[in-house]
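Here the structure comes first, spelled out in structure tokens, and everything after it is commentary.
Values below: every heavy atom of this structure, side chains too, minus hydrogens, waters and symmetry copies.
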Amino acid sequence: MKSIAKPTMIGSLITFVIGLFVAFFGVMVSVFTDGLIYDRIVTILIVLIIYGIISIVLGFMKPKNSWLYMLSLCMPGIILLSIYMAKEFNILYLLYIMLIFLVSFFGVRSGKSFKIKKKK
């Protein structure tokens, strides 16, 4: 292994743990909440904003391997939601999975572009 791979591996592991925390206490809470549809939508929007903020920070701090950090962040939420969707299927969960991925992707890209503009 190269010496560059170790910090990348440690960083992606830390990002995975952060993603697991957001997935468990954010995504799964938004799926399990009982109440009005308005409450679920607000919870989902808050979770997506959290994903966006974290991914912007990751893209800004680590622009070199931003795709790896983006996947490490969003995959726990996607995996947990997919497991839950296998038991109780809802077509809207597919939209939720796509939104988690897209918010993480565009957040990392935005953070990466902020870093590039700062260097100039």
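Shown here is Arg40, whose CZ atom has more than 12 heavy atoms of other residues, nucleotides or ligands within 6.0 Å. Phe89 CZ: more than 12 foreign heavy atoms inside a 6.0 Å radius.
Ile49 and Leu58 fall into different hydrophobic clusters, where Ile, Leu, Val, Met, Phe, Trp and Tyr are joined by side-chain heavy atoms under 4.5 Å apart, directly or via other members. The same ILVMFWY cluster, assembled from side-chain heavy atoms under 4.5 Å apart, contains both Leu95 and Val31. Criterion: ILVMFWY side-chain heavy atoms under 4.5 Å apart, direct or through other members. Under it, Tyr93 and Phe25 are not part of a common hydrophobic cluster. Hydrophobic cluster membership is shared by Ile10 and Leu71, with clusters built from Ile, Leu, Val, Met, Phe, Trp and Tyr side chains linked at under 4.5 angstrom. Using a 4.5 Å cut-off between side-chain heavy atoms of Ile, Leu, Val, Met, Phe, Trp and Tyr, with links allowed through other members, Ile14 and Leu68 fall into the same hydrophobic cluster.
Distance check, rounded to the nearest 0.5 Å: CG of Leu99 to CD1 of Ile44 gives 8.5 Å. Separating the CG atom in Leu73 from the OG atom in Ser66 is a distance of 12.0 Å, to the nearest 0.5 Å. Residue Lys112 holds its NZ atom at 11.0 Å from NZ of Lys64, rounded to the nearest 0.5 Å. Considering OG1 of Thr43 and OH of Tyr38, their distance stands at 10.0 Å, rounded to 0.5 Å. Interatomic distance, Leu20 CG to Ser72 OG, rounded to the nearest 0.5 Å: 11.5 Å. With rounding to the nearest 0.5 angstrom, the CD1 atom of Ile97 is 4.0 Å from the CE atom of Met85.
With Leu45 as reference, Ile41 is the one residue of Val47, Ile41, Val42 to meet the side chain to side chain contact (heavy atoms under 4.5 Å, CB included) rule.
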*Report the C-alpha distance between Leu102 and Phe106 in whole Å, list the side-chain angles of each, state the deciding distance to 0.1 Å, and finish with yes or no for side chain to side chain contact (heavy atoms under 4.5 Å, CB included).*
CA-CA 6 Å; Leu102 290 174; Phe106 287 116; 4.0 Å; yes
*Where do Val108 and Phe60 land on the side chain to side chain contact (heavy atoms under 4.5 Å, CB included) test, with the steps shown first?*
CA-CA 7 Å; Val108 167; Phe60 185 76; over 6 Å; no
_Apply side chain to side chain contact (heavy atoms under 4.5 Å, CB included) to residues Trp67 and Phe105 and explain how you reach the verdict._
CA-CA 8 Å; Trp67 61 272; Phe105 176 75; over 6 Å; no
_Worked verdict on Val27 versus Tyr51 for side chain to side chain contact (heavy atoms under 4.5 Å, CB included)_ = CA-CA 10 Å; Val27 173; Tyr51 271 113; 3.8 Å; yes
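Closest of all the heavy-atom pairs between Leu80 and Met28 is CB-SD, 3.8 Å. Of all non-hydrogen atoms in Pro76 and Phe16, the two that sit nearest each other are CG-CE1, 3.5 Å.
Contact of the Ile54 side chain with the Val57 side chain is not registered, since no non-hydrogen atoms from C-beta on lie closer than 4.5 Å.
Checked by atom type, the side-chain pair Tyr69/Ser55 shows no donor-acceptor distance below 3.5 Å.
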